[in-house]
Amino acid sequence: MATPDFTNSQRSIADRNAERAAEEGGQFTTGDWEAVDYWYNQHLSKRNPAAQIANPSALALITFAITTGLLQGATTEWVPASVTHIASTTMFCVGGIVQLLAGMYEFERNNMFAATALTSYGGFWMSYGIYMILVNGDVIPASGPEGFAMAFTLAGLFNFGYMVCSIGLNVALILLFLFLALFNFLAAAGQFVPNCLKASTMTVLHQTCVSCIHD
């Protein structure tokens with residue numbers, strides 16, 4: 001895949017598309033390039049597999065924002081503790097299954113970076129939701145703060161890695177993964193320092209705003 005050219009963003013779309021068509025040995029015609037890949041900030045040929053399927057990233061990022069916001073509202077006691085019951089099912093269905101499906105569609109669109117990120121997020125939220133359902137049903141004992149701290153720390157490291165990989169692609173993506181990493185690290189520290197858990201809620205608000213901008 002060719003590296004996106006950000007050096008001259010004022011060039012017309014037709015000029016950029018014509019150059020890409022020439023690189024691929026194709027013939028450029030008006031209206032031949034319409035789809036846009038916002039992860040890589042480039043226009044796509046209709047011959048490209050990614051142009052044949054709607055971009056699922058908007059759905060995935062919005063569901064992530066809803067899930068994290070609901071969870072943080074419950075864990076920081078901004079809302080009644082009973083909200084954790086709906087939060088657990090939301091994590092499994094909205095944050096988990098929906099993002100997992102979005103990641104599968106990104107594989108179909110041949111966008112490996114988005115597919116890896118969204119699929120891993122879906123798996124994380126599904127496992128977290130199942131854990132809370134089992135704990136609330138007294139099926140398994142609750143994990144101690146050390147377990148949560150390790151899980152959030154590992155998630156933060158993955159998000160930091162995604163942020164590094166997104167450098168040069170899209171500014172909104174860089175900010176999105178940065179806030180996600182901060183959220184995970186603060187949530188990990190919040191298992192021992194309550195103020196850090198409350199601070200992580202602010203990063204969720206920033207992440208929600210960036211998700212809307214990216215979409």
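Remark: aromatic rings of Phe183 and Phe177 are distant, center separation not under 6.0 Å.
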What do the steps show when you test Val98 against Leu101 for side chain to side chain contact (heavy atoms under 4.5 Å, CB included), and what is the final call? CA-CA 5 Å; Val98 172; Leu101 292 175; 5.9 Å; no
Do Phe92 and Trp125 pass the side chain to side chain contact (heavy atoms under 4.5 Å, CB included) test, and can you show the C-alpha distance, the side-chain angles, and the key distance before you say yes or no? CA-CA 6 Å; Phe92 181 77; Trp125 286 120; over 6 Å; no
Where do Asn184 and Thr153 land on the side chain to side chain contact (heavy atoms under 4.5 Å, CB included) test, with the steps shown first? CA-CA 6 Å; Asn184 290 135; Thr153 299; over 6 Å; no
Run the side chain to side chain contact (heavy atoms under 4.5 Å, CB included) test on Phe152 and Gln191 for me, step by step, so that the C-alpha distance in whole Å, both residues' side-chain angles and the decisive distance to 0.1 Å come before the verdict. CA-CA 10 Å; Phe152 280 118; Gln191 303 303 314; 4.0 Å; yes
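Put simply, CG on Asn111 and OG1 on Thr116 are 8.5 Å apart, with the number rounded to the nearest 0.5 Å. One distance of note links OG of Ser88 with CG of Leu134; it measures 10.0 Å at 0.5 Å rounding. Atom SG of Cys165 is separated from atom CE of Met112 by 12.5 Å, given to the nearest 0.5 angstrom. We find the CD-OG1 distance between Gln99 and Thr67 to be 6.5 Å, quoted to the nearest 0.5 Å. Note that the CE atom of Met104 and the CG atom of Leu118 stand 9.5 Å from one another [nearest 0.5 Å]. Once rounded to the nearest 0.5 Å, the distance linking CD1 of Ile133 with CD1 of Ile140 reads 10.5 Å.
Between the side chains of Tyr131 and Asn136, no donor-acceptor pair of N or O atoms lies under 3.5 Å.
Under the 4.5 Å side-chain heavy-atom criterion for grouping Ile, Leu, Val, Met, Phe, Trp and Tyr, Ile130 is not connected to Leu154 through any hydrophobic cluster. With hydrophobic clusters built from ILVMFWY side chains whose heavy atoms lie under 4.5 angstrom apart, Val94 does not share a cluster with Phe64. Two different hydrophobic clusters hold Ile167 and Leu157 under the rule that ILVMFWY side chains link at heavy-atom gaps under 4.5 Å. Under the 4.5 Å side-chain heavy-atom criterion for grouping Ile, Leu, Val, Met, Phe, Trp and Tyr, Leu186 is not connected to Phe192 through any hydrophobic cluster. Put simply, Phe185 and Phe148 are part of two different groups of oily side chains (I, L, V, M, F, W, Y) that touch within less than 4.5 Å, one to the next.
Residues Ile97 and Met126 share a closest heavy-atom pair of N-CG, 3.8 Å. In terms of heavy-atom proximity, Gly129 sits nearest to Met91 at CA-CB, 4.0 Å. Nearest heavy atom pair, residue Ala102 against residue Pro56, reads O-CG, 3.5 Å.
Taking the six-membered ring for Trp and thresholds of 30 and 60 degrees, Tyr128 and Phe124 have ring planes more than 60 degrees apart, a perpendicular arrangement.
For Tyr162, the side-chain hydrogen bond (donor to acceptor under 3.5 Å, both in side chains) test picks out Ser120, with sequence neighbours left out.
When side chains are defined from C-beta on, Phe107 counts as touching Thr119, because their heavy atoms get closer than 4.5 Å.
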